[in-house]
Amino acid sequence: MAVKTPTRKPRTDAQRNRERILEVAKQEFTRSGANASLDDIVREAGVGAGTLYRHFPTREALIEAVYRSEVEKLAAAEKKISETMRPMEALRAWMLLFVDYIAAKQIIAPALNSLVGGPSKLYEGSRGQIQGAIDALVKRAIKSGEIRKDLVPFDLLRALVGVANVASSPDWQQSARRLVDILIIGSRPEK
């Protein structure tokens with residue numbers, strides 16, 4: 001019978017280093033694409049190369065971790081804003097964060113596309129987290145009576161993603177932010 005050793009929580013400094021590496025890597029991949037200098041990431045994050053490779057043994061592992069981190073932040077935001085805002089305000093705030101997430105995803109997409117096999121499996125895993133967050137926000141707003149009972153949460157995401165995918169101008173984010181307000185107003189119950 002195998003003895004299971006309990007998994008330890010990472011040390012605080014190790015967790016802080018990991019988070020700093022991810023933040024700097026996101027900025028570097030945004031600026032330089034998938035071939036961003038790992039030496040620049042190490043230097044900017046203020047860690048050693050060994051620390052980078054201990055957390056992320058390959059460039060691909062780092063790219064995937066940056067994307068997963070962004071998805072996790074978006075999913076976690078649902079709980080935080082739900083605790084402090086009324087249902088409709090929370091839904092609006094989260095949808096604005098989703099616009100920022102789309103922008104980050106578009107910027108890092110070339111780096112994600114460099115992964116062996118492409119990013120499709122990575123995207124599939126993130127969809128459930130994002131869907132769960134918007135479902136919870138919409139359910140809460142429906143229960144409060146602030147939005148229509150027939151609203152399908154995924155329709156809100158589709159509308160925002162649609163704006164981002166057809167956007168050819170650099171101001172698509174401003175357009176998407178205006179669309180959030182239009183969607184919120186259109187989601188109110190009929191009187």
Side-chain angles (χ1 to χ4, degrees), residues 2-81 93-137 153-154 157-158 160-165 167 170 172-173 176:
V3 176
K4 231 181 180 182
T5 57
T7 56
R8 286 188 325 181
K9 190 175 180 182
R11 290 186 342 235
T12 304
D13 61 331
Q15 186 61 33
R16 191 172 39 248
N17 286 342
R18 184 180 192 285
E19 290 168 7
R20 179 72 180 137
I21 291 167
L22 288 172
E23 190 56 40
V24 170
K26 176 186 165 192
Q27 293 167 6
E28 289 298 318
F29 290 138
T30 297
R31 186 175 20 253
S32 305
N35 293 322
S37 166
L38 297 182
D39 290 336
D40 288 349
I41 292 170
V42 165
R43 187 172 36 260
E44 186 67 30
V47 299
T51 300
L52 171 74
Y53 290 109
R54 189 170 30 262
H55 288 285
F56 312 103
T58 65
R59 176 181 300 273
E60 289 77 17
L62 179 58
I63 292 169
E64 285 183 32
V66 167
Y67 177 74
R68 281 194 178 100
S69 174
E70 291 303 300
V71 170
E72 288 166 5
K73 286 177 192 173
L74 182 63
E78 175 265 321
K79 288 178 181 39
K80 288 178 188 168
I81 60 179
W94 190 88
M95 288 173 66
L96 290 171
L97 288 173
F98 185 75
V99 170
D100 295 340
Y101 158 78
I102 294 170
K105 183 178 170 184
Q106 285 183 334
I107 290 167
I108 202 169
L112 290 170
N113 289 333
S114 73
L115 298 174
V116 176
S120 62
K121 287 196 188 294
L122 192 58
Y123 290 161
E124 286 171 18
S126 65
R127 183 176 176 177
Q129 288 180 288
I130 293 168
Q131 186 69 50
I134 190 121
D135 287 352
L137 289 161
F154 196 67
L157 295 180
R158 269 194 204 119
L160 294 175
V161 170
V163 168
N165 285 335
W172 74 264
Q173 276 183 275

Original post:
L38 versus I41: any side-chain heavy-atom pair under 4.5 Å?
Top reply: yes
Original post:
Looking only at heavy atoms, what is the nearest atom pair of P153 and Q131, with distance?
Top reply: CB-NE2, 4.3 Å
Original post:
Just wondering, more than 12 heavy atoms not from K73 lying within 6.0 Å of its NZ?
Top reply: yes
**OP:** Drop me the distance from I130's CD1 to D135's CG, to the nearest 0.5 angstrom.
**Re:** 11.5 Å
Original post:
Would you call R59-E28 a salt bridge at under 4.0 Å N-O?
Top reply: no
**OP:** To the nearest 0.5 angstrom, please state how far the OH atom of Y101 sits from the CG atom of L160.
**Re:** 12.5 Å
Original post:
Who pairs with E19 by side chain to side chain contact (heavy atoms under 4.5 Å, CB included), at least two apart in sequence or on another chain?
Top reply: Q15
Original post:
Heavy atoms, side chains only, cut-off 4.5 Å: are L74 and W94 in contact?
Top reply: yes
Original post:
Are the side chains of E44 and R20 in touch, meaning some heavy atoms are under 4.5 Å apart?
Top reply: yes
Original post:
When rounded to the nearest 0.5 angstrom, what distance separates CG in L137 from CE in M95?
Top reply: 10.0 Å
**OP:** Write down the atom of E78, the atom of A133, and the distance for their closest heavy-atom approach.
**Re:** CG-O, 3.5 Å
Original post:
Looking at R68 and E72, does any basic side-chain N land under 4.0 Å from a carboxylate oxygen?
Top reply: no
Original post:
Heavy-atom distance under 4.5 Å between the side chains of I102 and Q173, does that happen here?
Top reply: no
Original post:
So, for G48 and V42, which heavy atoms are closest and what is the spacing to 0.1 Å?
Top reply: C-CG1, 3.7 Å
**OP:** Check whether any side-chain heavy atom of R18 sits under 4.5 Å from a side-chain heavy atom of F56, and report yes or no.
**Re:** yes
**OP:** Heavy atoms only: give me the nearest A25-V66 pair and the separation to one decimal.
**Re:** CB-CG2, 3.7 Å
Original post:
Taking side chain as C-beta onward, heavy atoms only, is I134 less than 4.5 Å from F98?
Top reply: no
Original post:
Does some side-chain heavy atom of R43 sit less than 4.5 Å from a side-chain heavy atom of D40?
Top reply: yes
Subject >> Spacing of K80 atom NZ and L97 atom CG [to the nearest 0.5 Å] >> reply: 10.5 Å
